[in-house]
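Please read the structure below before turning to the comments.
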Amino acid sequence: MNTKSIQLPLQTFSLIAGFMVWVILSSLMPFIKEEINLSANQLALITAIPVVLGSLMRIPIGYWTNRFGARSLFSISFLLLILPIFYISIADSFVDLLIGGLVLGLSGAVFSVGVTSLPKYYPKERHGFVNGIYGVGNVGTAITTFSAPVLANQFGWQTTVKFYIILVLFIAILNFLLGDKKEVKVNTPLMEQIKGVYKDEKLWFLCLFYFLTFGVFVTFTVYLPNFLVTNFGLDKVDAGLRTAGFIAIATFVRPVGGWLGDKFNSFKILMIVFAALTLSGVLLAFNPSLLYYTIGCLTISLFAGIGNGVIFKLVPMYFSKQAGIVNGLVAAMGGLGGFFPPLLLSLLFNLTGHYAIGYMALSQVAMASLIIVIWMFYQDKLGMANEIIDHSTQGIFVTDLNGKIEKVNPAFTTVTGFSEEEVIGQNPRILKSDKHSNDFYEELWKTVKEHGIWSGQIWNKRKDGQLYLVWVTINTVKNNGGEIKNYVAMFSQIDEITGF
């Protein structure tokens, strides 16, 4: 058996099981509250609390996965889950549910294992799709959301919870037997990895994006079953089925999002995602009928799922050397994005009697994310242009309209002898030799301004006074309005071109 080839299905199946366990409390809450008296705030806290540990633990688990491997992390995590599952099955108070739910959050933290481990087995151009396939593990929440109420009707909610002990024990044994013992390990100290990334703005932008896309997925997962029963009068099984549909769509389009991130520009995909979430939040804020509420939820489900897939395409692209800690941080923020909104929605409902402000907040966060993505898109293009300039073998300098130098590349320094610090703010006349008349330069700039380009030979002078002959091309750079913004000169020594 090829151990490496089975890691994707093995780890995806493990994530399915983890997410099945993660939403036990929210899926069974309509049954639990019939036997344990809970206030609205207590109910919201219990359904949200598993997300706390599940979020915060993603950071060290991502790091430990790089250090010890997915086999160890999955096996140990699922064995530890036996305790909180059993404790919840015998709970008879709010405090019992709170304690059990907190430790149960470990089942959501295992998400960091696969997104850190699996990219080691595939080339970069497939990372988006592979992480998207792994993300299908989210379907575990749909399985529990749909099946747990059905089982609870037949066996009672306590017995239903105990069934999950068999599941986690099976997954622990499966990973112990089939996990890759020879997975590539990364032993870079935790603080060294954190220091290498925490100042990078891209990390925190990705955290915000996943806070929104995965957070809204978790929020609707834990909130919809009870909300649909209370607000629209649906029965518990119907509410569970509708919630399962929401989860299924968000889950199964995640590989599509990863594939789109591999195929097209990831920032353009995220622009569409956040625009859709903005409009959906506005729709839900107007307290629509069940039909329009369903349309809004399904739109959120579709585009949040796509967004989840795209974001984890970007992580290894920008942070290949610190993938473990960055995956953990981004995943943790996504989990916390599912913790705070349910509490906020409950608080706003108690204060105002409706959820409109909460949905508008979703819309505004999505709009802010859209603006940031647009900015990142153009910064990425600018960064690519700068990379091209810096690695060009031709000397390049850029001036403003007044002829002051704004940027030079390393090849400029190699040819002229002037460092970047010495020429920024200066006029290119510092390179001027005495071999050309003023009429020559006047004719040159006249041609540039009339035609936008000039090419020809010029004698220049190095910092040490030595003269050299170059072939120069001068271009104008215009803005969208057709106005000249900058001048760019590219030059090479004649002897470098001809070989003489």
Side-chain angles (χ1 to χ4, degrees), residues 12 15-23 26-27 47-48 50-51 54-55 107-108 111 114-115 128-148 209-225 227-228 239-261 266 269-270 272-281 283-284 293-313 330-331 333-339 341-342 345 359 362-363 365-366 369:
T12 302
L15 185 63
I16 291 173
F19 272 54
M20 286 176 65
V21 174
W22 202 22
V23 294
S26 61
S27 300
T47 55
V51 182
S55 302
S107 59
F111 174 80
V115 293
F129 183 66
V130 168
N131 276 334
I133 292 292
Y134 175 71
V136 170
N138 289 351
V139 77
T141 57
I143 294 172
T144 289
T145 302
F146 173 69
S147 63
F209 299 158
Y210 202 57
F211 180 90
L212 176 61
T213 58
F214 188 73
V216 77
F217 166 78
V218 175
T219 297
F220 278 78
T221 297
V222 301
Y223 217 76
L224 275 178
F227 178 82
L228 292 174
L241 182 60
R242 290 172 183 265
T243 304
F246 173 92
I247 296 168
I249 292 174
T251 297
F252 289 116
V253 300
R254 187 163 181 156
V256 177
W259 176 81
L260 289 171
S266 297
I269 305 300
L270 286 179
I272 298 172
V273 166
F274 292 131
L277 294 181
T278 299
L279 296 175
S280 299
L283 173 62
L284 296 183
Y293 188 86
T294 301
I295 293 173
C297 284
L298 293 180
T299 303
I300 288 174
S301 175
L302 175 65
F303 286 97
I306 291 174
N308 289 336
V310 174
I311 290 167
F312 277 95
K313 163 67 178 179
V330 174
M333 290 303 295
L336 291 175
F339 172 69
L345 284 172
Y359 290 129
L362 161 65
S363 175
V365 174
S369 298

Is the closest side-chain heavy-atom distance between Ile143 and Ile16 below 4.5 Å?
yes
So, Tyr134 side chain and Gly114 main chain: donor-acceptor pair closer than 3.5 Å or not?
yes
Got a sec, which residues hit side chain to side chain contact (heavy atoms under 4.5 Å, CB included) with Ala366, two or more places apart in sequence or on another chain?
Leu212, Leu277, Thr278
Separation between CD1 (Ile133) and CZ (Phe252), nearest 0.5 Å, reads 10.0 Å
Once side chain to side chain contact (heavy atoms under 4.5 Å, CB included) is applied, do any residues pair with Ser107, and if so which ones, sequence neighbours excluded?
Val21, Trp22, Leu81, Leu104
Taking all atoms of both residues into account, what is the closest heavy-atom pair of Gly261 and Ser266, and its distance?
O-OG, 3.4 Å
Considering all heavy atoms of both residues, which atom of Met20 and which atom of Thr144 are nearest to each other, and what is their separation?
O-OG1, 2.8 Å
For Tyr210, give me all partners under side-chain hydrogen bond (donor to acceptor under 3.5 Å, both in side chains), at least two apart in sequence or on another chain.
Arg254
For residues 243-253, the side chain to side chain donor-acceptor pair (under 3.5 Å) pairs (sequence neighbours left out) are none
Gap separating the OG atom of Ser363 from the CG atom of Leu279, nearest 0.5 angstrom:
7.5 Å
Interatomic distance, CD1@Ile249 vs CZ@Phe217, rounded to 0.5 Å, equals 11.5 Å
Sub-4.5 Å side-chain heavy-atom contact between Phe19 and Val139
no
Working to the nearest 0.5 Å, report the span between CZ of Phe211 and CD1 of Ile311.
12.5 Å
Taking side-chain hydrogen bond (donor to acceptor under 3.5 Å, both in side chains) as the test, write out the residues that go with Thr213, two or more places apart.
Asn308
Do Leu15 and Val136 make a side-chain contact, defined as non-hydrogen atoms from C-beta onward lying under 4.5 Å apart?
no
Donor-acceptor pairs under 3.5 angstrom involving side-chain atoms of residues 297-306: please list them, not counting sequence neighbours.
| from | atom 1 | to | atom 2 | distance (Å) |
| --- | --- | --- | --- | --- |
| Thr299 | OG1 | Ile295 | O | 2.8 |
| Ser301 | OG | Phe246 | O | 2.5 |
| Ser301 | OG | Ala250 | N | 3.0 |

